[in-house]
J.: 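Just dropping this structure here.
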Amino acid sequence: MRSVVIVGAGTFGASLAWRLTRDGVEVTLVDQFEPGDARATSAGETRLLRSGHGSDAEYTASARRARTLWRELEAESGEALYVECGLTWLARAERGWEAATIPVLEAQGIPFERLAPEEGRRLFPSWSSTGLAFLLHEPEAGVVRAQRAVRALVRQAAAHGAAVVRGRARPDGAAVRLDDGRRLEGHAVVWSCGAWLGGLFPALAPIASTRQELFFFAGGPAWAAPDVPAFVDYDHAVYGTADVDGLGVKAASDHDGPPLDPDAPLPTPAGDGESRVRAILAERFPALAEAPLVGAKSCRYELTPDGHFLAARHPEHPSVWLLGGGSGHGFKHGPAMAERGADALRGGAPLPARFGLAERTPGRSLRTAGGSAETVRRPGPAAPPASTAPDARG
Ligand SMILES: Cc1cc2nc3c(=O)[nH]c(=O)nc-3n(C[C@H](O)[C@H](O)[C@H](O)COP(=O)(O)OP(=O)(O)OC[C@H]3O[C@@H](n4cnc5c(N)ncnc54)[C@H](O)[C@@H]3O)c2cc1C
């Protein structure tokens, strides 16, 4: 395989471009925006990187491998892209998602600590252990500076020879047609178009685009990363980070937001989103209950029905591939998925069947605790049984 056209320079497409150019493949990377544009999902300032994925060994290994590759990108680009602040899972049940995570981390040699709820006092500047069964702390988890990382991926791909093209593309058989009329062909064509993938391939890619809200609070110097970990309250579907780069303490609800067309402007958050997030922060970190809001923004999830990624060959054009469906947890995996994707493009190990185009079943067993199924939407400690633990966002 000598040449590949990649449409979409988010975490999936830009990582693949970086991987393939380093392998000597001729790559054309197309995007309608400049790399890191805020309308792309990968362009948030920060994204969590954690290895814990409940009982799912495959995503666990992928996240761990991705951490190594993000570090490689840092070394190659000379940029500080990963803040290794650790991440603490706030487990509300003894036998829930977090408990299912532990043996997988153990089996893969990934460092973790299982802590009593009171130990949160030494991790966070303000703390209440109300409602918690235990803490699962991943000291080598952290936060990727996402927008900067995507720009670094594109820059490094270009440094290794990728042609970076600005333009809006649509499929033209097995080729790519740009809005200026140019037609691009390659031995393979990969469509990694985030929330736009569903519109480009409506019969193949069941991707729903939703509006999600992020809030940033002024916690003061005590909350600065990397001294304070990121956190996930899986059962209440809330996650956040300490203050990275002066942005403020970030907190967000992981419940699916309302549908939002990929081409619609990202609205400024309004309504009761802030008060919902603030109430949950106040429960866990009392000092943040009244912390001033210093930022609020919207961005898009691109959700598959079951939360698993989409990475599959087009049924009618064998040289064409679809890649995406990050479903609220895809950013961190970009470079690891690129490794597997590059191998599959060359005819190596096939990608997992669950990333394929077959119909997907929404449901509790494969949704996050913040997913759309009503059974798992309601607030409260609705931990799934370990054997059917769904995936978590973030
Ligand atoms: C609020 C929020 C928080 C998240 N938190 C985390 C987290 O903590 N950890 C984590 O791992 N993941 C997280 N995610 C998920 C993760 O950010 C996404 O799954 C991932 O970034 C999606 O990457 P992508 O490459 O598929 O899409 P995108 O980043 O959207 O990239 C797709 C690109 O394709 C381009 N494109 C689309 N259509 C065309 C076209 N026709 N022609 C040319 N170009 C086109 C777009 O311009 C865009 O640049 C979060 C997502 C959100 C919204």
Side-chain angles (χ1 to χ4, degrees), residues 5-17 29-51 53 59 62-63 66-67 70 87 141-144 146-147 149-151 153-154 165-171 176-179 184 190-201 205 207 209-215 230-232 239-241 250-254 256-257 260 262-263 266 269 297-304 307 309-311 322-334 336-338 368 370 391-394:
V5 180
I6 302 169
V7 183
T11 189
F12 287 124
S15 295
L16 185 61
L29 178 61
V30 181
D31 203 294
Q32 59 191 343
F33 307 139
E34 288 299 316
D37 187 285
R39 288 166 285 187
T41 306
S42 303
E45 289 93 348
T46 57
R47 293 288 184 260
L48 302 182
L49 190 161
R50 40 84 190 179
S51 293
H53 282 76
Y59 282 121
S62 170
R67 175 179 167 278
W70 288 119
L87 180 144
V143 173
V144 184
Q147 184 182 50
V150 165
R151 289 179 176 152
L153 284 167
V154 175
V165 174
R166 177 95 184 257
R168 178 119 171 171
R170 62 187 156 79
V176 172
R177 179 72 69 181
L178 297 185
D179 48 7
L184 306 177
V190 179
W191 295 87
S192 44
C193 293
W196 288 264
L197 204 51
L200 289 164
F201 300 95
I207 305 275
S209 173
T210 62
R211 173 166 64 84
Q212 306 300 137
E213 295 180 340
L214 293 169
F215 298 95
F231 57 91
V232 180
Y239 65 92
T241 71
K250 171 171 137 179
S253 160
D254 202 11
D256 296 353
L260 181 67
D263 287 316
L266 286 164
K297 62 195 295 188
S298 301
C299 52
R300 286 184 188 84
Y301 274 163
E302 67 299 323
L303 299 167
T304 60
F309 303 157
L310 180 68
L322 275 49
L323 177 61
S327 301
H329 66 111
F331 187 89
K332 68 181 83 54
H333 294 276
M337 277 297 288
T368 72
D391 192 14
R393 305 273 172 69

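When a ligand or atom number is given, it counts from 1 through the structure's own listing order. Residue numbers run from 1 in the order of the sequence given.
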J.: From Phe231 CZ over to Leu48 CG, what is the distance, rounded to the nearest 0.5 angstrom?
T.: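 Spacing of CZ (Phe231) from CG (Leu48) equals 9.0 Å.
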J.: Counting only heavy atoms closer than 4.0 Å, does ligand 1 sit against the backbone of Val7, its side chain, both, or neither?
T.: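 For Val7, only side-chain atoms sit under 4.0 Å from ligand 1.
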J.: Have a look at Gly36, Gly326, Ser42, Ala169 and point out the one with the heavy atom closest to atom 20 (C) of ligand 1.
T.: Ser42
J.: Ignoring hydrogens, just give me the one of Gly330, Gly10, Cys193 whose non-hydrogen atom is nearest atom 31 (O) of ligand 1.
T.: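 Comparing heavy atoms across Gly330, Gly10, Cys193, the nearest one to atom 31 (O) of ligand 1 lies in Gly10.
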J.: At a 4.0 Å cut-off, with the gap strictly under it, does some heavy atom of Tyr239 reach an atom of ligand 1?
T.: yes
J.: Pick whichever of Gly167, Gly8, Ser327, Ala66 has a heavy atom sitting closest to atom 43 (C) of ligand 1.
T.: Gly167
J.: For Ser192, is the nearest heavy atom under 4.0 Å from an atom of ligand 1?
T.: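 In this structure, Ser192 qualifies as a contact of ligand 1 - some heavy atom is under 4.0 Å.
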J.: Quick check: closest heavy atoms across Ala63 and His53, and the distance to 0.1 Å?
T.: CB-CE1, 3.8 Å
J.: Find all atoms of ligand 1 within a distance of less than 4.0 Å from any non-hydrogen atom belonging to Lys332, and give their numbers and elements.
T.: 9 (N), 10 (C), 11 (O)
J.: Mind checking whether Trp196 contacts ligand 1 via backbone (N, CA, C, O), side chain (CB onward), both or neither, at a 4.0 Å heavy-atom cut-off?
T.: side chain
J.: Under 4.0 Å from ligand 1, counting heavy atoms only, is it the side chain of Arg300, its backbone, both or neither?
T.: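 Contact part for Arg300 vs ligand 1: backbone (N, CA, C, O).
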J.: Given 3.5 Å as the limit, does a donor-acceptor pair link the side chain of Ser298 with the main chain of Leu266, or not?
T.: no
J.: Is Arg168 paired with Asp263 through a side-chain N to carboxylate O contact shorter than 4.0 Å?
T.: yes
J.: Is the contact between His329 and ligand 1 made by the side chain, the backbone, both, or neither, using heavy atoms and a 4.0 Å cut-off?
T.: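 It is the backbone that touches ligand 1; the side chain stays farther off.
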J.: Which residue from Val232, Asp31, Asp37 reaches closest to atom 35 (C) of ligand 1 through any of its heavy atoms?
T.: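 Looking at heavy atoms only, Asp31 sits closest to atom 35 (C) of ligand 1.
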J.: At a 4.0 Å cut-off, with the gap strictly under it, does some heavy atom of Gly328 reach an atom of ligand 1?
T.: yes
J.: Which ligand 1 atoms does Cys299 reach within 4.0 Å, using its non-hydrogen atoms?
T.: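 Answer, ordered by atom number: 1 (C), 2 (C), 52 (C), 53 (C).
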